[in-house]
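Below, chain A is the first sequence line, B the second, and so on; all start at residue 1.
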Amino acid sequence: MLRKSFENIDQRAKIPAGVEFRKEEVWGKVVKASRKNRIRYRYWAAAALIPFIAFSIWFFKASTDAEPRYLLTAISSDQSNMVEEIPTSDWEQKPEERINTATHQEEGVYEKEVLKPITPDSTETLHKNEQSKILRQTIVLEDTFAAPEEKKLSPSAQAFQQALEKTKIEKKVEERMIVEKLTFEQMIQARRQFMQEKGSSTKNKKQND
Amino acid sequence: MVEKRTIEKAVNGNRKAEKLLYDTLCKPLFMLCLRYLKNQEDAEDVLASSLIKVFGSLHKFEYEGDGSLEAWSRKITVNECLMCLRKQKRSPMMVEPDENISIVEEEILDKLSADELFEMILQLPEGYRTVFNLYEIEGFTHAEISKNLGISLGTSKSQLSKARNYLKKLIIANGWNHASKII
């Protein structure tokens with residue numbers, strides 16, 4: 001075995017002639033690589049946080065942004081205008097904006113098709129063409145989540161309303177059993193009366209027959 | 001020798017402590033790389049990559065006394081050297097030794113200086129040198145060498161014996177068999 005002769009040879013031997021060990025350059029490589037690793041670690045950490053942040057934004061926004069969208073219609077007694085349109089809601093305008101911004105970045109072919117917004121005139125023509133569909137009697141159930149608007153009364157009116165509420169007496173229908181003590185004469189009279197009523201009813205039946 | 005405190009500081013990212021470790025380890029590790037790769041540039045590249053690994057996994061290192069860090073970093077560097085040889089696809093050179101070479105006693109090696117021994121190792125052909133380094137200096141077994149290099153057990157043994165014979169040839173050629181130096 002030669003191991004004893006070669007023991008710690010790397011520490012004992014000098015760097016051979018013709019070989020120059022560039023110590024500082026190697027150290028520079030090591031430092032540079034460690035910096036790169038740290039920067040890469042930071043990027044990975046930031047990238048890992050993105051989905052978490054996106055999810056949390058979505059989660060909290062979903063709970064606060066629960067405004068229902070309504071289709072507002074009114075029912076009138078006039079048969080010719082069964083459905084009356086109220087041209088207010090954002091519901092019609094928002095999608096138009098979205099389509100416009102989206103199609104500017106896309107191809108021009110789609111722009112031509114989509115960039116024709118539905119104007120009030122065009123909706124009227126639509127209604128005229130498809131009257132049978134539109135003039136159907138519709139019943140719109142309003143969402144009960146929406147808080148009804150309370151009309152504010154004047155102070156005198158409020159006072160009057162309160163006074164009216166006080167005067168209201170609840171009338172309850174109650175059934176009571178009344179037990180009265182009758183004298184003998186009263187009992188006979190009551191019986192007679194009962195028999196007469198009974199007799200009159202049977203007579204009427206016979207006559208009818 | 002590296003103190004445990006210095007290692008702990010280096011683990012915490014202290015640049016001064018890392019530099020201190022580097023100053024201690026760089027020379028022996030560079031010599032190790034040179035023994036395997038011979039080429040200076042390759043040796044420097046492998047040294048840098050192995051030191052990056054050493055500093056990167058320093059938190060996994062368990063201090064077991066003086067010299068434990070050196071031994072641990074040597075293992076990493078040897079693996080890096082073997083990886084480099086594998087990437088370069090350097091196949092073991094089969095150089096048949098001269099049968100007429102007279103047997104040289106191993107005592108001669110003891111009389112040689114470390115520099116002479118190191119030069120002798122560098123003169124060994126690639127395949128012989130790798131097996132010789134792993135077996136004689138690093139202390140690997142033939143089974144470990146065959147596993148690391150992807151060669152058979154017999155090839156490892158034959159490469160080693162050929163390396164020894166080649167060394168003896170070199171000693172005779174350089175006139176070191178009459179050397180009187182004592183290490």
Side-chain angles (χ1 to χ4, degrees), chain A residues 1-66 101-102 105-106, chain B residues 13 15 18-19 21-35 38-41 43-56 67 70 74 77 106-122 132-133 135-139 160 163-164 167 183:
Chain A
M1 298 293 270
L2 308 171
R3 281 173 198 165
K4 282 183 184 176
S5 310
F6 293 102
E7 206 173 357
N8 293 329
I9 194 168
D10 296 326
Q11 285 166 343
R12 285 188 292 130
K14 290 172 188 171
I15 293 168
V19 178
E20 192 189 348
F21 176 41
R22 292 169 291 184
K23 195 178 169 183
E24 292 307 315
E25 280 185 28
V26 176
W27 173 242
K29 281 181 188 175
V30 174
V31 171
K32 203 177 175 182
S34 66
R35 271 183 199 161
K36 268 186 184 176
N37 282 341
R38 279 174 194 174
I39 290 165
R40 202 178 294 165
Y41 173 77
R42 282 173 193 165
Y43 277 125
W44 274 108
L49 275 174
I50 288 168
F52 178 74
I53 292 164
F55 176 76
S56 58
I57 287 168
W58 171 79
F59 184 77
F60 288 110
K61 201 179 179 185
S63 61
T64 55
D65 209 25
T101 52
Q105 295 164 359
E106 301 281 327
Chain B
R15 190 67 76 191
E18 280 182 355
K19 183 76 170 73
L21 287 183
Y22 173 77
D23 289 336
T24 316
L25 295 172
C26 70
K27 196 252 172 179
L29 293 182
F30 176 70
M31 295 297 275
L32 188 150
C33 293
L34 209 61
R35 265 197 294 118
K38 206 174 178 179
N39 184 357
Q40 183 196 331
E41 287 179 0
E44 283 177 352
D45 286 343
V46 171
L47 175 67
S49 63
S50 50
L51 280 170
I52 289 161
K53 278 196 175 176
V54 166
F55 289 129
E70 283 88 340
R74 277 176 72 90
T77 313
E106 290 176 1
E107 289 172 3
I108 296 166
L109 290 171
D110 293 335
K111 291 175 182 175
L112 294 175
S113 70
D115 295 341
E116 284 168 344
L117 284 171
F118 198 88
E119 271 183 39
M120 229 167 55
I121 292 165
L122 292 184
F132 185 84
N133 278 329
Y135 187 85
E136 295 292 353
I137 302 172
E138 260 64 64
L160 182 70
R164 278 176 180 168
L167 272 180
I183 305 164

Anything under 3.5 Å between a donor and an acceptor, one on a side chain of residues 41-56 of chain A, the other on a protein residue two or more places apart or in another chain? List them.
| unit_1 | atom_1 | unit_2 | atom_2 | d |
| --- | --- | --- | --- | --- |
| A:S56 | OG | A:F52 | O | 3.3 |
| A:S56 | OG | A:I53 | O | 2.7 |

(Q) Please output the residues of residues 20-27 of chain A in contact with chain B, using a heavy-atom cutoff of under 4.5 Å, in numerical order. (A) A:E20, A:F21, A:R22, A:K23, A:E24, A:V26, A:W27
Q | All salt bridge (charged side-chain N to carboxylate O under 4.0 Å, His left out) counterparts of B:R15, not counting sequence neighbours | A | B:E18
Q.
Can you confirm whether B:K19 is buried at NZ, in the sense that more than 12 heavy atoms of other residues, nucleotides or ligands lie under 6.0 Å from that atom?
A. yes
Q. Rounded to the nearest 0.5 Å, how far does CZ of A:R12 lie from CG of B:D115?
A. 9.5 Å
Q. If you take all heavy atoms of A:I15 and B:K27, which pair is closest and at what distance?
A. CG1-CE, 4.5 Å
Q | Check against side chain to side chain contact (heavy atoms under 4.5 Å, CB included), B:F118 and A:D10 | A | CA-CA 8 Å; B:F118 198 88; A:D10 296 326; 3.8 Å; yes
Let me have the donor-acceptor pairs involving side chains of residues 45-54 of chain B, under 3.5 Å, with sequence neighbours excluded, atom names and distances please.
| unit_1 | atom_1 | unit_2 | atom_2 | d |
| --- | --- | --- | --- | --- |
| B:D45 | OD1 | A:K29 | NZ | 2.7 |
| B:S49 | OG | B:D45 | O | 3.4 |
| B:S49 | OG | B:V46 | O | 2.9 |
| B:S49 | OG | B:E80 | OE1 | 3.1 |
| B:S50 | OG | B:V46 | O | 2.8 |
| B:S50 | OG | B:L47 | O | 2.9 |
| B:K53 | NZ | B:E80 | OE2 | 2.6 |

Q) Is the closest side-chain heavy-atom distance between B:Y22 and A:V31 below 4.5 Å? A) no
Q: Check B:L117, B:L32, B:N133 against A:I9 for a side-chain contact (heavy atoms from CB on, under 4.5 Å) and give me the one that passes.
A: B:L117
Q. Between B:L29 and chain A, which part of the residue has a heavy atom less than 4.5 Å away: side chain, backbone, both or neither?
A. neither
Q | Side-chain touch B:M31/A:P16, heavy atoms, less than 4.5 angstrom | A | yes
